Number of protein chains: 2
Amino acid sequence: MAHTAGVSIKTVSRVLNRERNVSPETRAHVLAAAASLNYTPNVSARSLAGARSYLIALLYDNPSAAYIADLQAGAFSACRTGGYHLVVEPFDSTGPAVEQAVADLVVKLRTDGLILTPPLSDNPAVLDALDRLAAPYIRIAPGASPERGATVSIDDCGATLELTRMLIRDGHRRIGFVEGHPEHGASRMRREGFLAAHREFGLAPDPELIVPGQFSFLSGVDAGSRLLEHEDRPSAVFACNDDMALGVMSVANRLGLSMPAQLSVVGFDDTPTARVVWPQLTTIRQPVSEMAASATQMLIEGATGEKAEHRQLDFEIILRGSTGHGPYLGVGF
Amino acid sequence: MAHTAGVSIKTVSRVLNRERNVSPETRAHVLAAAASLNYTPNVSARSLAGARSYLIALLYDNPSAAYIADLQAGAFSACRTGGYHLVVEPFDSTGPAVEQAVADLVVKLRTDGLILTPPLSDNPAVLDALDRLAAPYIRIAPGASPERGATVSIDDCGATLELTRMLIRDGHRRIGFVEGHPEHGASRMRREGFLAAHREFGLAPDPELIVPGQFSFLSGVDAGSRLLEHEDRPSAVFACNDDMALGVMSVANRLGLSMPAQLSVVGFDDTPTARVVWPQLTTIRQPVSEMAASATQMLIEGATGEKAEHRQLDFEIILRGSTGHGPYLGVGF
DNA sequence: TCAGCGCATGACAACGCTGTCAAGTTGATT
DNA sequence: AATCAACTTGACAGCGTTGTCATGCGCTGA
């Protein structure tokens with residue numbers, strides 16, 4: 001390669017790394033030679049010799065396929081534009097030695113950065129291990145100690161507040177709340193938003209209408225049963241994610257409650273299924289893919305050091321039939 | 001590390017690579033030292049010096065998040081037990097230079113193997129490029145030229161045959177068929193199965209009831225409209241995947257057709273949504289995760305050479321409410 | 001007794017790049 | 001004309017492993 005271009009191997013390196021102080025002609029020669037030979041530098045050699053590995057790791061422990069796929073798509077597109085590659089690694093965050101596994105990963109792969117998704121983003125042992133290795137990481141949607149490291153999130157509390165506010169304005173006074181997985185930081189913030197909306201209107205939510213959930217469809221079914229078979233059942237239910245909202249809807253169906261006439265339901269995430277069920281589900285869209293892309297960029301640009309940026313992206317409230325705000329029928333697209 | 005164990009760096013390498021001709025005591029010493037130091041060999045250095053990179057790439061161009069997530073889970077678990085890492089790369093298989101992009105990936109990362117998922121697994125240009133580089137690959141669910149390279153698949157034709165047979169036995173005589181994405185090899189095989197079932201019973205399917213699809217919800221809606229608004233509409237519809245089946249169901253809903261009384265619908269894939277809609281969808285479960293795990297293992301064991309294995313895993317027919325065979329609980333449309 | 005073999009171990013040169021430093025070239029400044 | 005700074009380029013030494021080859025040991029069989 002260096003030979004074809006008629007320059008030293010080092011100069012090729014300079015051109016390909018966009019270093020300064022290379023004459024335009026040399027640069028052109030090298031680029032032409034590289035193009036004609038389909039030359040691409042070997043990542044292992046680069047990693048071994050230099051400071052960067054061109055590898056970003058995406059760590060997850062999350063049951064939601066849609067969430068991960070979105071995340072991955074965002075992270076990947078940022079990687080590609082930066083010439084990076086994405087290594088994905090699921091982790092059992094409840095396992096005994098997550099931090100060791102994560103540390104091993106960093107040592108073995110010399111990743112230039114890690115993207116931590118919930119609930120890994122709130123695992124103190126993992127954060128400690130990464131700090132010890134001085135491995136850059138970005139926490140997606142952290143709940144606890146939001147000041148640690150760089151973070152990317154949406155305003156979970158504000159989003160929940162806003163949508164709950166809307167339900168109250170629509171006249172709902174007894175609103176059920178299905179909590180999220182207790183280990184996800186977002187769960188707490190969403191709960192806070194829910195309560196804050198009630199405070200704004202001087203309402204006191206009934207504690208019996210706040211039931212636990214695990215972010216899964218089945219836990220939504222359980223929660224739905226508890227709420228809708230309650231003697232004084234709520235007229236609306238806020239589920240902390242779409243999967244659970246669907247669980248609630250299935251219970252409503254079984255009980256013959258018509259939505260939204262007898263029951264409004266809202267979710268969180270805007271999963272593909274939310275648009276497919278009937279009535280279509282009112283929900284909150286997080287820009288998951290953008291969040292991952294943003295995190296990846298921060299990692300690539302090395303913006304994780306002292307100044308530890310905290311990006312907050314915009315959410316979007318999607319009004320649909322399950323609250324009587326969108327088309328009831330049809331597959332309105 | 002070598003120092004702690006009191007042996008040469010080469011001996012450490014031997015122990016960690018499970019080479020023969022190391023005395024048991026030395027092996028024990030080295031392993032103890034490695035454990036106490038949390039030592040893990042650097043992947044880049046290994047890749048650079050040796051023949052293996054400990055990297056497997058999973059290539060996809062597939063809209064279905066659930067499919068990819070399952071694939072990834074399977075590939076990952078096989079990677080972990082083998083000490084490998086998984087690099088995922090989406091590709092636009094319709095793009096102009098997929099094969100170049102894939103080739104670059106192989107050169108840059110020196111991956112030990114690639115997993116090609118549909119429709120990439122049927123892209124001849126990509127296969128050619130990989131053959132040229134002598135890069136091992138496994139094709140998941142290939143359609144065309146199934147003899148090329150090693151493959152992992154299910155019997156798409158047989159699965160469709162079996163489920164269609166069941167519909168016919170249930171008394172259906174006019175059965176609609178929503179074809180899959182034309183670039184996916186499985187589409188053709190499923191179509192064949194559908195036709196074969198008709199032949200078995202001496203039936204001739206109405207060509208007007210065989211309509212194209214793209215594997216997407218929307219294309220299912222289109223197909224559903226064509227089929228169900230037909231003057232002599234079918235009493236059952238076989239959709240080549242669940243997403244399209246859901247599209248058909250949403251049209252049935254709009255037209256006020258009750259399922260399964262007036263219309264039976266079946267899909268293919270057993271996506272999570274299939275269990276969530278009402279009535280729940282009868283479908284065919286592919287062991288996607290096992291397929292990926294199997295492919296990964298073949299790659300790690302280097303079983304892709306001359307003898308080019310062709311593994312076929314078992315499918316499972318899941319009977320549910322949309323054909324009147326299972327419980328009705330679920331979310332409505 | 002001694003060649004001949006198998007086994008256990010280490011020395012050393014790659015692998016394909018990047019970081020460092022030195023050398024050469026050009027143009028501006030004195 | 002001499003000096004110096006700024007730029008351009010290349011030589012060379014690693015990076016942390018593996019592959020190859022050499023060494024030394026104990027054992028076997030003539």
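Proteins get letters first, then strands, A, B, ... in listed order; numbering begins at 1 in each. Bear in mind that the values here come from a model prediction, so they are computed numbers and not experimental data.
There is no side-chain donor-acceptor pair under 3.5 Å between B:Y67 and B:Q72.
For the OP1/OP2 pair of D:dT9 and a distance below 4.0 Å, the side-chain nitrogens and oxygens of A:T26 include at least one atom meeting the criterion. Of the side-chain N and O atoms in B:S8, none sit less than 4.0 angstrom from OP1 or OP2 of C:dT9.
As rounded to whole Å, 13 Å separates atom P of C:dC17 from atom CG of B:L109. B:K10 places its NZ atom 6 Å from the P atom of D:dG19, with the value rounded to the nearest Å. Per the geometry, NE2 belonging to A:H3 stands 16 Å off P belonging to C:dC17, to the nearest Å.
For B:A66, the side-chain contact (heavy atoms from CB on, under 4.5 Å) test picks out B:S64, B:P272, with sequence neighbours left out. Partners of A:H181 by ring pair (Phe, Tyr, Trp, His ring centres under 6.0 Å), not counting sequence neighbours, listed by chain and number: A:H184. Here A:D112 pairs with A:R52, A:S53, A:Y84 under the side-chain contact (heavy atoms from CB on, under 4.5 Å) rule; sequence neighbours left out.
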Side chain to side chain contact (heavy atoms under 4.5 Å, CB included) between A:V7 and A:V12, worked out: CA-CA 7 Å; A:V7 298; A:V12 174; 3.8 Å; yes
Check against side chain to side chain donor-acceptor pair (under 3.5 Å), B:S47 and B:R110: CA-CA 8 Å; B:S47 155; B:R110 278 209 188 314; 4.9 Å; no
Check against side chain to side chain contact (heavy atoms under 4.5 Å, CB included), B:E99 and B:L127: CA-CA 8 Å; B:E99 65 275 15; B:L127 299 184; over 6 Å; no
Side chain to side chain contact (heavy atoms under 4.5 Å, CB included) evaluation trace for B:L120 with B:I140: CA-CA 9 Å; B:L120 244 18; B:I140 301 265; over 6 Å; no
B:S145 vs B:R139, side chain to side chain contact (heavy atoms under 4.5 Å, CB included): CA-CA, chis, key distance, verdict: CA-CA 11 Å; B:S145 46; B:R139 302 165 65 202; 4.2 Å; yes
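Residues of residues 27-57 of chain A that place a heavy atom closer than 4.0 Å to DNA chain D, in numerical order, are A:L48, A:A49. Listed by residue number, the members of residues 12-24 of chain A with any heavy atom below 4.0 angstrom from DNA chain D are A:R14, A:N21, A:V22, A:S23.
Closest to the side chain of B:R110, out of C:dT18, C:dC15, D:dG10, is C:dC15.
Cation-pi geometry between A:R285 and A:F315 is not satisfied (NZ or CZ under 6.0 Å from the ring centre, within 45° of the ring normal).
Defining each end axis of the helix from C:dT1-D:dA30 to C:dT30-D:dA1 as the rotation carrying four pairs' C1' atoms onto the next four, with five pairs an end, the two axes are found to diverge by 50° to 10 degrees.
Looking at B:D128 and B:R148, a side-chain N of the basic residue comes within less than 4.0 Å of a carboxylate O on the acidic one, giving a salt bridge.
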